[in-house]
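Accompanying notes for the structure given below.
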Amino acid sequence: MPELPEVETIRMGLSELLPGRVVRAVTHDNPKSFPNAPADVNVFLIGAEVVGVQRRAKVLLIELSSKYSLVIHLKMTGQLVFVSADTRFGAGHPNDSLIHALPDKSTRVEFTFTDGSRLFFNDQRKFGWVRLLPTAEVPNIDFMRKVGPEPLDASFTAGEFAERLMRRKNTSIKAAILDQTVLAGIGNIYADESLWGAKIHPATLVKNVSRQKISSLFTEIQYVLNLSIQKGGSSDKNYVNAEGKRGSYLSFARVFRREGQPCPRCGTTIVKLRVAGRGTHICPKEQKVVQK
DNA sequence: CACTTGACCTGTCCGC
DNA sequence: TGCGGACAGGTCAAGT
């Protein structure tokens, strides 16, 4: 669901759509989805102009002229969909990519801008959240202090990757790369895809993965993340971009959700198992658990 | 401290 | 057809 490529796709969309717009009104249906005090919202959100949109790990940051920022985590089923003032929902209209009208029953927060356009935070399962924080304090929240480096930053090296992995040397390699404090942005889809690319069994203990395989995994992680950003991310059920459109990475996926189909490299039937408490997809011939 | 499991939610699918 | 249970998977709290 929303992992680094999906959140990055939304960020790119929103950074074209939001800057310059001024918030006129905010409504929310669920305190958990937007736990801020109403007083803060009235003073620092209403009337503020969007300055820019950033991403860190799987978190979106919408920076406001009030020196506050909206910090948004989509968790599993979150969506951020922008709708212009003249949008008509449904097939046959110029902007008919949205399947149904918004707000819908999953809408948790609705932002209305002064020009009549709107931004919807939809979240079926209510795991995601929106917070309003002083921009200067964002780096100090727990999540930001603990989260690891961005895998697509030019400064992130295979050496640093290996070093950070070794903090989790007695756990499975899959659990380690899903750990956001090791590196940022990997979720279940890109974990399986990159481990297949590097021919590593997800249950292999980190300490038993060779240096060469770790280096290969580093390359594969960057490859699958970049490819997915190119394809607009992975849409399973819920994910859509800032314009309500789906991404197409899953039609290029090699193992994820492809149990019963042939491995694209060797033709062996892909199997699904459970590793680190998650559904996990592998080629059983090419990905073997290594023990030392 | 290192690591694993369960909880948080809602919707869908599968077997009986 | 209805109904219970498993499953989906990001993160944090609680347990071993």
Side-chain angles (χ1 to χ4, degrees), chain A residues 1-10 28-35 55-60 71-80 99-100 103-109 121-131 141-148 150-151 163-195 202-209 221 224-225 228 233-240 246-247 249-250 253 255-260 271-282:
Chain A
M1 308 270 171
E3 304 180 31
L4 187 153
E6 290 73 33
V7 180
E8 178 62 15
T9 301
I10 293 170
H28 62 104
D29 83 329
N30 176 18
K32 250 198 67 183
S33 299
F34 193 13
R55 177 190 62 75
R56 175 76 171 97
K58 302 173 188 173
V59 171
L60 273 165
V71 184
I72 302 171
H73 201 307
L74 301 174
K75 293 288 180 83
M76 252 117 59
T77 57
Q79 305 175 329
L80 273 176
I99 294 163
H100 56 268
D104 65 19
K105 67 179 186 176
S106 76
T107 299
R108 307 297 166 212
V109 187
F121 173 66
N122 303 325
D123 185 20
Q124 180 184 97
R125 290 170 71 180
K126 303 180 184 174
F127 290 172
W129 43 259
V130 176
R131 287 177 202 166
I141 67 174
D142 260 13
F143 182 92
M144 291 297 178
R145 291 183 349 163
K146 291 179 185 165
V147 72
E150 288 290 326
E163 188 182 310
R164 298 182 72 89
L165 276 177
M166 284 310 151
R167 304 167 167 194
R168 301 291 311 270
K169 61 189 163 82
N170 290 314
T171 195
S172 67
I173 185 72
K174 179 162 179 175
I177 63 174
L178 287 172
D179 182 341
Q180 300 297 297
T181 69
V182 171
L183 82 165
I186 304 292
N188 206 37
I189 297 173
Y190 306 107
D192 283 5
E193 290 288 291
S194 58
L195 287 164
T204 311
L205 298 184
V206 171
K207 64 185 176 189
N208 293 337
V209 181
I221 285 171
V224 296
L225 295 179
S228 184
S234 296
S235 288
D236 176 22
K237 286 185 158 92
N238 293 279
Y239 169 72
V240 292
R246 296 166 62 82
Y249 178 85
L250 286 185
V255 286
F256 189 81
R257 294 279 166 79
R258 294 204 180 274
E259 61 270 33
V271 299
K272 183 174 180 182
L273 50 148
R274 252 186 132 68
V275 176
R278 314 294 236 293
T280 299
H281 311 76
I282 65 162

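Numbered from 1 within each chain, the chains take letters A, B, ... in sequence-line order.
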Do [X] and [Y] come close enough that some side-chain heavy atom pair is under 4.5 Å?
| X | Y | value |
| --- | --- | --- |
| A:N188 | A:F256 | yes |
| A:Y190 | A:L4 | no |
| A:K207 | A:N170 | yes |
| A:P2 | A:H73 | no |

Taking atom [atom1] in both [N] and [M], what distance in whole Å separates the two?
| N | M | atom1 | answer |
| --- | --- | --- | --- |
| C:dG5 | B:dA7 | P | 15 Å |
| C:dG10 | B:dC13 | C1' | 22 Å |
| B:dT5 | C:dC7 | P | 14 Å |

Quick one: is [X] getting a side-chain N or O under 4.0 Å of the [N] phosphate, OP1 or OP2?
| X | N | answer |
| --- | --- | --- |
| A:R108 | B:dT10 | no |
| A:K75 | C:dT11 | no |
| A:T171 | B:dA2 | no |
| A:H73 | C:dT11 | yes |
| A:N170 | B:dC3 | yes |
| A:R167 | B:dC1 | no |

Could you state the atom-to-atom distance from [atom1] of [X] to [atom2] of [N] in whole Å?
| X | N | atom1 | atom2 | answer |
| --- | --- | --- | --- | --- |
| A:I186 | C:dT11 | CD1 | P | 11 Å |
| A:K272 | B:dC13 | NZ | P | 14 Å |
| A:W129 | B:dC9 | CH2 | P | 16 Å |
| A:R56 | C:dG10 | CZ | P | 17 Å |
| A:L205 | B:dA2 | CG | P | 16 Å |
| A:N30 | B:dC9 | CG | C1' | 10 Å |
| A:Q124 | C:dC7 | CD | P | 18 Å |
| A:K126 | C:dC12 | NZ | P | 21 Å |

What contact category does [X] fall into here, base, sugar-phosphate, or nothing, at under 4.0 angstrom with non-hydrogen atoms?
| X | result |
| --- | --- |
| A:K105 | sugar-phosphate |
| A:G277 | nothing |
| A:Y239 | nothing |
| A:R257 | sugar-phosphate |

Assign each of A:F143 and A:R125 to its nearest nucleotide of DNA chain C by heavy atoms, then name whichever residue's nucleotide is nearer the 5' end. A:R125
Nearest-nucleotide check on DNA chain B, A:K169 vs A:K237; residue mapping nearer the 5' end is A:K169
Could you work out which one of [options] sits closest to the side chain of [X]?
| X | options | answer |
| --- | --- | --- |
| A:Q180 | C:dT11, B:dG11, C:dA8 | C:dT11 |
| A:R168 | B:dC3, B:dC8, C:dG10 | B:dC3 |
| A:R274 | C:dA8, B:dT10, C:dG10 | C:dA8 |

Look through every strand shown and name the nucleotide pairing with B:dC9 as Watson-Crick or G-U wobble, where both distances are under 3.5 Å. none
For the residue pair A:H28 and A:F34, does the interplanar ring angle fall in the parallel (under 30°), tilted (30 to 60°) or perpendicular (over 60°) class? perpendicular
side-chain contact (heavy atoms from CB on, under 4.5 Å) with A:V275: which of A:I173, A:I282, A:T280? A:T280
Do the side chains of A:R257 and A:D192 get close enough for a salt bridge, i.e. N-O under 4.0 angstrom? no
Aromatic ring of A:F127 stacked on base six-ring of B:dC9, 5.5 Å, 30°: no
